[in-house]
J.: 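Could you have a look at this structure, given as structure tokens, before my questions?
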Amino acid sequence: MADGGTGFGGPRRKPCLLLSVFLACSLWHTVSSKDIQPSCLTDYESEVACHWEVDASTDCPKEFLLRVATTHAVYGPGPSWVCSPKNKRGQDATPKCTCTIRSKVLHNNKYHFSLEANEKEIWKWTNVDLDDIVKPRPLVNLTVNRKDDSYIFTWADDYKEGNVLHENPETDYEVAYWPINQMDKLRKHITHSFHYKIFDEDLMPRTTYVAKVRQSIVSYGGIWSDWSAEYTWKNDIEPSPGSILWIFIPLLCVFIMALATFSFFCVTRVKKGWWDQIPNPAKSKVAAGVTAAVPPFRNLGLEHPVHIHSCIASGKPETRKEEDCQVPHEDAVAKLFRDLLSGDLSSGGTGILDEHPLLKDQALGTCRVLFLFSRCTSGQAQRCFGNLS
């Protein structure tokens, strides 16, 4: 047996192993290249750029080649270019191959793209209208200026007069701003003009803010541009008392509503657990006995109006007859009422009641009623009941 690894399984296997690795790598790149889908865009003035994602170990200029050709509807084939892509890597970016053709954009031509990998065409895109793949240039000259109690954002596009993208009326602008180092509080707003206003009440006082802006043109693909350069400024507008009041009023309303709801449930619970347990005097046995003891008014002879008769002297006193001053029997109860109210009822003033037992019974009932309703004093009530007993 040969020593030093020269026998079976020795150095003779190394060329085969290297060849296998080379073929595997070539096959991997061939298979992976089938999934490549480049994205091509134009700034609609001076360049057309394409890019596609690759593996971190890919050598873009060695493995790929991009071809771009143009044709005119009337004049036929136009200019064409060959581009060797470059690697684009970054800590937060996916590795890409990028290829940029810097030349005046031919707006009336159709573009044809073809990508080759290891001298084999793996992707193509023909008859492309550049109007559909416009990515506007980033906006420039972003500034934020204070005006009274607000801030005005202003900016400009990076196109010259004569270019259809310059101050295009169908442009959407997106403004973004946030407190520095606090991206979680970022706010975005869409506007259609070259300026945007925010009021101090939308900003935190004595806080440094950062702003940026971008654009998209609806009639040219609607693709958003990259963000502009960031602009930093400090909000030095102190909040006015009025703005503080408007913040306080809603909080006060919420507090009052919460307090009213809490009080309602507390009162309801207290009433159910304590107030409803207090006995009702109207439903007591004492009230029931008093009600039963009061005779109906119709049994007291008071169904008819009380008539009070008085003697009117005619002539001399000595000529007045006794029968002229007699009180009718039906007015006896009325007289009793009058005596009780005037306090003239005495032990000797019940003669008419002695003569009429029925009136005496009625008077007794009347005294009870007057006693219950506090119409006679305690002394009168005793004399009344004493004379009628």
Side-chain angles (χ1 to χ4, degrees), residues 41 43 88 90-94 134-161 163 165-267:
L41 301 169
D43 66 354
K88 182 179 181 180
Q91 295 181 352
D92 300 328
T94 303
V134 176
K135 181 180 180 180
R137 291 177 175 177
L139 295 168
V140 296
N141 300 332
L142 172 63
T143 57
V144 180
N145 298 310
R146 174 178 172 177
K147 184 178 180 180
D148 298 331
D149 59 346
S150 63
Y151 289 96
I152 307 296
F153 292 68
T154 58
W155 55 84
D157 62 46
D158 194 22
Y159 292 96
K160 299 178 180 179
E161 293 186 8
N163 190 303
L165 303 188
H166 177 64
E167 298 183 359
N168 191 289
E170 297 184 1
T171 304
D172 290 336
Y173 302 96
E174 184 176 29
V175 179
Y177 59 93
W178 65 96
I180 192 170
N181 300 325
Q182 299 184 50
M183 288 295 296
D184 58 317
K185 296 182 179 180
L186 182 143
R187 294 186 180 183
K188 294 181 179 181
H189 301 278
I190 302 294
T191 183
H192 302 287
S193 60
F194 276 90
H195 59 83
Y196 184 77
K197 177 188 289 189
I198 58 174
F199 292 92
D200 63 315
E201 59 189 28
D202 297 326
L203 303 174
M204 295 186 295
R206 297 177 297 278
T207 302
T208 300
Y209 276 82
V210 181
K212 61 183 180 180
V213 64
R214 63 178 181 172
Q215 66 174 335
S216 70
I217 303 175
V218 178
S219 57
Y220 287 86
I223 301 172
W224 285 104
S225 68
D226 292 331
W227 289 101
S228 67
E230 296 179 351
Y231 184 90
T232 304
W233 86 101
K234 184 176 182 180
N235 175 29
D236 54 0
I237 301 178
E238 296 293 337
S240 61
S243 61
I244 298 177
L245 182 62
W246 278 111
I247 297 175
F248 175 74
I249 289 177
L251 297 178
L252 180 61
C253 292
V254 172
F255 173 76
I256 292 175
M257 293 178 64
L259 181 61
T261 304
F262 177 77
S263 301
F264 172 78
F265 283 106
C266 287
V267 170

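Scope of the values below: all heavy atoms of this structure, side chains included, with no hydrogens, waters or symmetry mates.
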J.: Only one of Val210, Val213, Val144 clears side-chain contact (heavy atoms from CB on, under 4.5 Å) with Tyr231; which?
T.: Val144
J.: Going from OG on Ser216 to CD1 on Ile190, what distance comes out if it is rounded to the nearest 0.5 angstrom?
T.: 7.5 Å
J.: Before giving the answer on side-chain contact (heavy atoms from CB on, under 4.5 Å), spell out for Asp226 and Lys135 the whole-Å C-alpha distance, their side-chain angles and the decisive distance to 0.1 Å.
T.: CA-CA 8 Å; Asp226 292 331; Lys135 181 180 180 180; 3.0 Å; yes
J.: If every non-hydrogen atom of Tyr209 is compared with every non-hydrogen atom of Leu203, which pair is closest and at what distance?
T.: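 Closest approach of Tyr209 to Leu203, heavy atoms only: OH-CA, 3.5 Å.
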J.: Does any N or O in the side chain of Ser225 come within less than 3.5 Å of the main-chain N or O of Gln215, such that one atom is a donor and the other an acceptor?
T.: yes
J.: Passes side-chain contact (heavy atoms from CB on, under 4.5 Å), Val175 versus Trp155? Steps please.
T.: CA-CA 10 Å; Val175 179; Trp155 55 84; 3.7 Å; yes
J.: So, for Val134 and Pro136, which heavy atoms are closest and what is the spacing to 0.1 Å?
T.: O-CD, 3.7 Å
J.: Tell me if the CE atom of Met183 is crowded by more than 12 foreign heavy atoms within 6.0 Å.
T.: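 Result for CE/Met183: enclosed.
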J.: Mind listing the closest non-hydrogen atom pair of Ala229 and Leu142 along with its distance?
T.: O-CD2, 3.9 Å
J.: Return the CZ to CG distance between Arg137 and Leu139, rounded to the nearest 0.5 Å.
T.: 12.0 Å
J.: Could you report the tightest heavy-atom contact between Asp148 and Arg146, atom names first, then the distance?
T.: O-NE, 3.4 Å
J.: Can you measure from CG (Asp157) to CG (Asn141) and round to the nearest 0.5 angstrom?
T.: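 The distance works out to 10.0 Å.
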J.: Quick one: CG on Asp202 to NZ on Lys197, what's the gap to the nearest 0.5 Å?
T.: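 With rounding to 0.5 Å, CG (Asp202) is 12.0 Å from NZ (Lys197).
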J.: Residues in ring-ring contact (aromatic ring centres under 6.0 Å, His included) with His189, at least two apart?
T.: Tyr177, Tyr196
J.: Please report the closest heavy-atom contact between Trp224 and Asp172, naming both atoms and the distance.
T.: CZ3-O, 3.6 Å
J.: Are any side-chain N or O atoms of His166 and backbone N or O atoms of Tyr159, one a donor and one an acceptor, separated by less than 3.5 Å?
T.: yes
J.: From Ser219 OG over to Leu165 CG, what is the distance, rounded to the nearest 0.5 angstrom?
T.: 8.5 Å
J.: May I ask you to decide if Thr207's main-chain N or O and Asn235's side chain share a donor-acceptor pair within less than 3.5 Å?
T.: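 No, Asn235 side chain to Thr207 backbone: no donor-acceptor pair under 3.5 Å.
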J.: Measure across Ile198 and Trp233 and return the closest heavy-atom pair with its distance rounded to 0.1 Å.
T.: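 Looking at all heavy atoms of both residues, the shortest contact is CD1-CZ2, 4.2 Å.
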J.: To the nearest 0.5 Å, what is the distance between NZ on Lys188 and CH2 on Trp178?
T.: 9.5 Å
